[in-house]
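Encoded as structure tokens, the structure appears first; notes follow it.
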Amino acid sequence: MYSPKASEDPDEVARYGRFMDEVSQLVAVKYQGSLKAEHGTGRNMAPFVELEWGAEGIGLMQQVKQLFDPQGLLNPGVILNDDSQAHLANLKPMPAADDLVDKCIECGFCEPVCPSRSLSLSPRQRIVLYRELSELRRNGDKPLRLAELEKDFKYQGVDTCAAVGLCADRCPVGINTGDLVRKLREKHYAKHQNIARWTAEHFSSVATMTRLGLGTAELGHKMLGDKALGAISKGITKVSAGKVPTWNPSFPRRAKYQPPQARFHKQKVVYIPSCASRTMAPPADAIDPRPLLEVTCSVLEKAGYEVLIPGNGDELCCGMPYHSKGMFDLASSKSQQLEDTIWQLSEHGRWPVLMDTSPCAKRSKEQFERDLDIHEPIGFIHQHALDKLEIAQLDEPVMLHLTCSSRRMDMHDPLLSIAKRCAKQAILPEHIYCCGWAGDKGFTTPELNQAALAPLKAQVPEGCSRGYSNSRTCEIGLSQHSGVVYQSILYLVDEVSL
């Protein structure tokens with residue numbers, strides 16, 4: 001058991017010692033139970049082994065230890081220890097750093113699901129380093145070490161954190177390291193508040209500029225081809241100090257935001273196209289080149305729904321781009337604007353709401369205060385549409401990707417259910433919990449996306465040419481690092497439904 005104060009405060013150390021004495025007596029003596037379970041014996045429990053097993057038992061253990069390790073080289077004092085106070089000595093320094101992470105015991109359960117674990121730091125390591133930085137700032141006696149660690153932490157700890165929160169699901173005490181990172185980003189991005197506020201107030205202009213940029217890249221691709229455009233793009237990225245992303249063949253084309261004319265049906269659904277799907281069409285080599293908006297409306301109409309799309313759609317945003325950078329007021333403002341629009345369009349919650357990108361749906365479900373039935377594509381198809389469609393199964397394998405937000409909304413089984421209904425074989429690759437695109441990180445920090453998807457390509461079966469997910473930005477990186485073009489799961493459903 002650890003505490004941020006345990007190694008600093010003698011009273012805390014003494015309190016912990018009394019706790020260990022009492023719990024050991026309670027378990028081993030009063031109830032004749034075992035002091036150890038899955039973790040076995042370590043330094044923390046070594047002084048109490050004799051209490052549980054008795055003098056004869058521990059004597060036998062010591063003889064066996066002496067036979068196999070006469071010089072005492074193997075884990076000295078870890079399994080067996082004659083010092084009754086060994087568990088109170090050399091406590092791991094865990095200085096207080098922030099209430100968001102002070103409960104961390106540095107167990108490492110979070111590490112397997114972190115997309116940056118092989119690139120920079122895992123959540124556990126971020127917390128350890130931040131604790132060290134906090135202690136150095138308090139003491140002020142090692143300014144050179146502090147400056148060096150602060151420089152490293154900017155990239156290792158903050159810039160390369162996807163902040164998706166999967167660590168919180170694995171953490172025994174629910175710590176979301178991304179919350180700490182967003183808090184740190186709030187300070188960094190404070191100088192950009194005026195620009196960010198302008199984008200929030202003129203979101204449709206930002207969408208127009210995004211389409212213009214993608215259209216320019218699309219025209220350049222047609223004129224120059226992959227190799228030449230890629231080389232030019234690399235040069236621009238270098239000159240701009242990484243502010244302009246490097247083009248690759250998986251980059252989206254320009255999408256045309258033209259909501260179709262709705263057809264009357266008894267059942268209605270409010271459809272909110274994300275800012276990504278409103279601006280980003282599939283790449284040039286996609287099997288289906290149609291914009292996601294067109295495909296989504298096709299699926300909904302086949303299922304018998306009248307599609308309601310807000311007239312001010314290009315102004316709407318769930319607030320995620322601002323929230324991820326620590327601009328919480330702007331994020332709340334955009335979320336409130338979206339909620340107000342949906343509330344009116346859904347006739348005060350009468351009709352379900354479909355958001356075509358999973359992170360937008362998850363954030364809206366968490367932020368909205370009114371009683372609205374919010375869905376991302378997997379959940380909506382599984383719950384409201386699949387049984388209303390006539391399916392002709394695709395006779396080929398498909399790759400799947402479960403986004404972080406969908407994973408946290410328990411969409412694993414519904415995704416597999418839909419895919420297996422629509423395709424002969426569905427592969428959900430192992431050891432990929434997050435693609436590492438993380439909003440715009442795939443553009444600005446592409447090495448995070450590359451590291452997170454390192455195990456992907458080897459799991460694509462021969463003859464597979466399709467991949468499906470439910471986040472437009474995630475699909476860019478998935479396509480780039482798999483050799484398979486990923487599109488929304490709605491494309492698969494539309495293709496196989498009659």
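The chain is numbered in sequence order, starting from 1.
With a 6.0 Å radius and a threshold of 12 heavy atoms from other residues, nucleotides or ligands, His431 has its NE2 atom at or below the threshold. Around the NZ atom of Lys388, the shell of radius 6.0 Å holds more than 12 heavy atoms that belong to other residues, nucleotides or ligands.
Taking both residues in full, the closest heavy atoms of Gly477 and Leu453 are given as O-CD1, 3.5 Å, listed atom of the first, atom of the second, then distance. The nearest pair of heavy atoms linking Arg138 to Pro95 is NH2-CB, 3.4 Å.
When atom types are taken as modelled, the side chain of Arg185 and the backbone of Gly326 share no donor-acceptor pair closer than 3.5 angstrom. Although no hydrogens or angles enter the test, the distance criterion places no donor-acceptor pair under 3.5 Å between the side chain of Ser417 and the main chain of Asp413. Checked by atom type and distance alone, the side chain of Tyr322 never pairs as donor or acceptor with a backbone atom of Arg197 at under 3.5 Å. Put simply, the side chain of Arg131 never gets that close to the backbone of Ala96: no donor and acceptor are under 3.5 Å apart. Using modelled atom types, no side-chain atom of Ser298 and backbone atom of Glu294 make a donor-acceptor pair closer than 3.5 Å. Looking at Gln459, its side chain does come within 3.5 Å of a backbone N or O of Glu430 through a donor-acceptor pair. A side-chain donor-acceptor contact under 3.5 Å links Arg126 to the backbone of Leu121. Judged purely by atom type and a 3.5 angstrom limit, Ser479 has no side-chain atom pairing as donor or acceptor with the backbone of Val485.
For residues 205-224, every residue pair satisfying the side-chain hydrogen bond (donor to acceptor under 3.5 Å, both in side chains) rule, not counting sequence neighbours, is listed here: Arg211-Asp314, His221-Asp226. Listed by first and then second residue, the side-chain hydrogen bond (donor to acceptor under 3.5 Å, both in side chains) pairs involving residues 165-179 are Asp169-Arg408, Asp179-Arg182 (not counting sequence neighbours).
Looking at Glu376 and Ser358, their side chains never bring a donor and an acceptor atom within 3.5 Å of each other. In the model, Asn470 has no side-chain atom that pairs as donor or acceptor with a side-chain atom of Ser488 under 3.5 Å. For the residue pair Gln336 / Asp340, a side-chain donor-acceptor distance below 3.5 Å is found, with atom types taken as modelled. Side chains of Ser471 and Thr357: no donor on one and acceptor on the other come within 3.5 Å. A donor atom on one side chain and an acceptor atom on the other are not found under 3.5 Å apart for Ser250 and Tyr486. Side chain to side chain, Glu315 and Ser204 meet the donor-acceptor criterion of an N or O pair below 3.5 Å. Remark: the Ser406 side chain and the Thr403 side chain contain an N/O donor-acceptor pair separated by less than 3.5 Å. With hydrogens and angles left out, the side-chain atoms of Tyr271 and Asp356 include a donor and acceptor closer than 3.5 Å.
With respect to Glu111 and Arg124, a salt bridge is recorded, a charged nitrogen being found less than 4.0 Å from a carboxylate O. The existence of a salt bridge linking Asp288 and Arg466 is excluded, since no basic side-chain nitrogen approaches an acidic carboxylate oxygen closer than 4.0 Å. Ion pair Lys302/Glu390 not flagged as a salt bridge, since none of the NZ, NE, NH1 or NH2 atoms sits closer than 4.0 Å to an Asp/Glu carboxylate oxygen. Under the 4.0 Å criterion applied to side-chain N and carboxylate O atoms, Arg145 and Glu148 are not assigned as salt-bridge partners. Ion pairing between a basic and an acidic side chain is recognised when a charged N comes within 4.0 Å of a carboxylate O; Arg370 and Glu339 show such pairing.
Distance CG/Leu184 to NZ/Lys187: 6.0 Å, rounded to 0.5 Å. To the nearest 0.5 Å, atoms CD1 (Ile391) and SG (Cys422) are separated by 4.5 Å. Between His412 atom NE2 and Arg407 atom CZ the span is 7.0 Å, to the nearest 0.5 Å.
Looking at heavy atoms from C-beta onward, Met327 lies in side-chain contact with His192 at the 4.5 angstrom threshold.
Phe443 has its ring centre less than 6.0 Å from the ring centre of Trp437.
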